[in-house]
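In what follows, a single structure is set out as structure tokens and then discussed.
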Amino acid sequence: MQSPILLEDFEHKVTRFLQDEVPFLFIIDFDKTTKQAFTFEEAEKQNIYFNIKGIGNDKTLTKNTAQETNFDLNPTLVSKEIYEKAFKTVKHELNTGNSFLLNLTFPTALDTTVDLDDIYQKAYAPYKLLYKDKFVVFSPECYLKVKDGNIFSYPMKGTINSNVPNAEELLLSNKKELYEHNTIVDLIRNDLSMIAKKVRVNKFRFVDKIKKGNQELLQTSTEIQGELPKNWKNEFASLLLKTLPAGSISGAPKKKTLEIISKAEISPRGFYTGIFGVFDGQNIDSAVSIRFIERINGSLIYKSGGGITHLSELEEEYQELLEKIYVPTI
């Protein structure tokens with residue numbers, strides 16, 4: 001007798017959906033301890049709403065009828081002393097060669113009247129997820145796409161506010177940002193090479209514009225492509241899990257860097273910097289769960305971070321952490 005659908009394990013459920021061409025949502029946390037897959041209807045019944053470039057189940061979400069929503073987040077900044085302690089731990093590991101790049105993240109408390117569903121409805125992003133009354137994601141960063149048997153990844157590393165004079169030139173000429181980007185591209189190429197053939201870089205370090213309220217951030221990305229096995233649908237779930245956690249929000253070498261992250265960061269990441277995505281019946285598109293606000297003990301917490309290398313300076317990295325605390329409202 002077949003097990004009830006809600007008791008199926010993740011890999012079996014994903015394989016069945018792919019083989020039957022059933023559209024579905026998948027969500028995986030940073031540590032890969034929680035792995036979930038839902039049809040669009042199942043997700044809605046559990047108050048999980050999403051929209052990935054127009055594909056989603058959020059049309060039935062009750063709209064906020066308030067004419068004006070105050071989007072002042074009023075972040076209570078983590079003290080520089082606390083950040084500096086973690087930063088020094090990471091720099092020591094980098095300087096001793098235990099890591100080449102580590103993405104260091106921190107939680108920031110928000111003093112705001114805005115709620116998670118308000119944020120979801122007002123946020124502008126290609127990848128959006130509202131998970132019950134627990135967290136909301138409005139991510140600009142694609143993780144993996146699958147189309148016509150090809151797999152694509154778009155690691156995003158390197159950020160600057162477009163208001164800075166000569167912002168794009170400064171971003172592209174920044175040695176630290178170039179080193180960080182090169183490291184992540186190599187890591188993602190290696191990750192894809194575990195599951196695909198003919199892995200190659202199609203477009204290196206192009207500049208994306210990311211909306212930040214009435215401002216813009218410039219971020220650099222690279223397109224990487226590979227060819228999946230012909231029977232990829234039969235083993236996609238296990239192939240996907242092999243690549244996680246995403247290199248852009250962990251670091252390199254991945255195994256040792258994850259050990260350092262668990263020592264340096266002050267709280268577990270949970271779903272933050274995991275991934276979520278959809279199968280639309282033909283293709284797959286997914287995102288890294290960044291630009292993330294979580295409800296913890298009744299309060300809203302914004303989680304953000306940035307890549308640390310041996311070239312990193314404390315003040316610059318601390319400011320990047322704060323720069324990413326925003327909601328890109330429509």
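Since this is a predicted model, take the numbers as computed values, not measurements. Just the heavy atoms: all of them, side chains too, but no hydrogens, waters or symmetry mates, feed the values below.
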For [X] and [Y], take the angle between the two ring planes, folded into 0 to 90°, and tell me which bin it lands in: parallel under 30, tilted 30 to 60, perpendicular over 60.
X	Y	answer
Phe236	Phe26	perpendicular
Tyr179	His310	perpendicular
Tyr318	Tyr83	tilted

Would you say the side chain of [Y] lies within less than 4.5 Å of the side chain of [X], judging by non-hydrogen atoms?
X	Y	value
Lys59	Asn57	no
Phe138	Ile119	yes
Tyr154	Lys145	yes
Thr112	Tyr302	no
Ile55	Asp285	no
Asn182	Val185	no

- Under the 6.0 Å and 45° cation-pi test, does Lys147 pair with Phe152? no
- Message: Looking at Asn51 and Gly54, would you say the former's side chain and the latter's main chain have a donor-acceptor pair under 3.5 Å?
- Response: yes
Residues [X], [Y]: salt bridge by 4.0 Å N-O rule:
X	Y	result
Asp133	Arg295	yes
Lys45	Glu42	no
Glu315	Lys80	yes

- Candidate list Glu177, Glu180, Glu141, Glu320, test salt bridge (charged side-chain N to carboxylate O under 4.0 Å, His left out), partner Lys157, passing option: Glu180
- Task: Take Glu294 and Lys134, measure what salt bridge (charged side-chain N to carboxylate O under 4.0 Å, His left out) needs, and give me the verdict at the end.
- Result: CA-CA 6 Å; Glu294 184 173 7; Lys134 296 184 177 180; over 6 Å; no
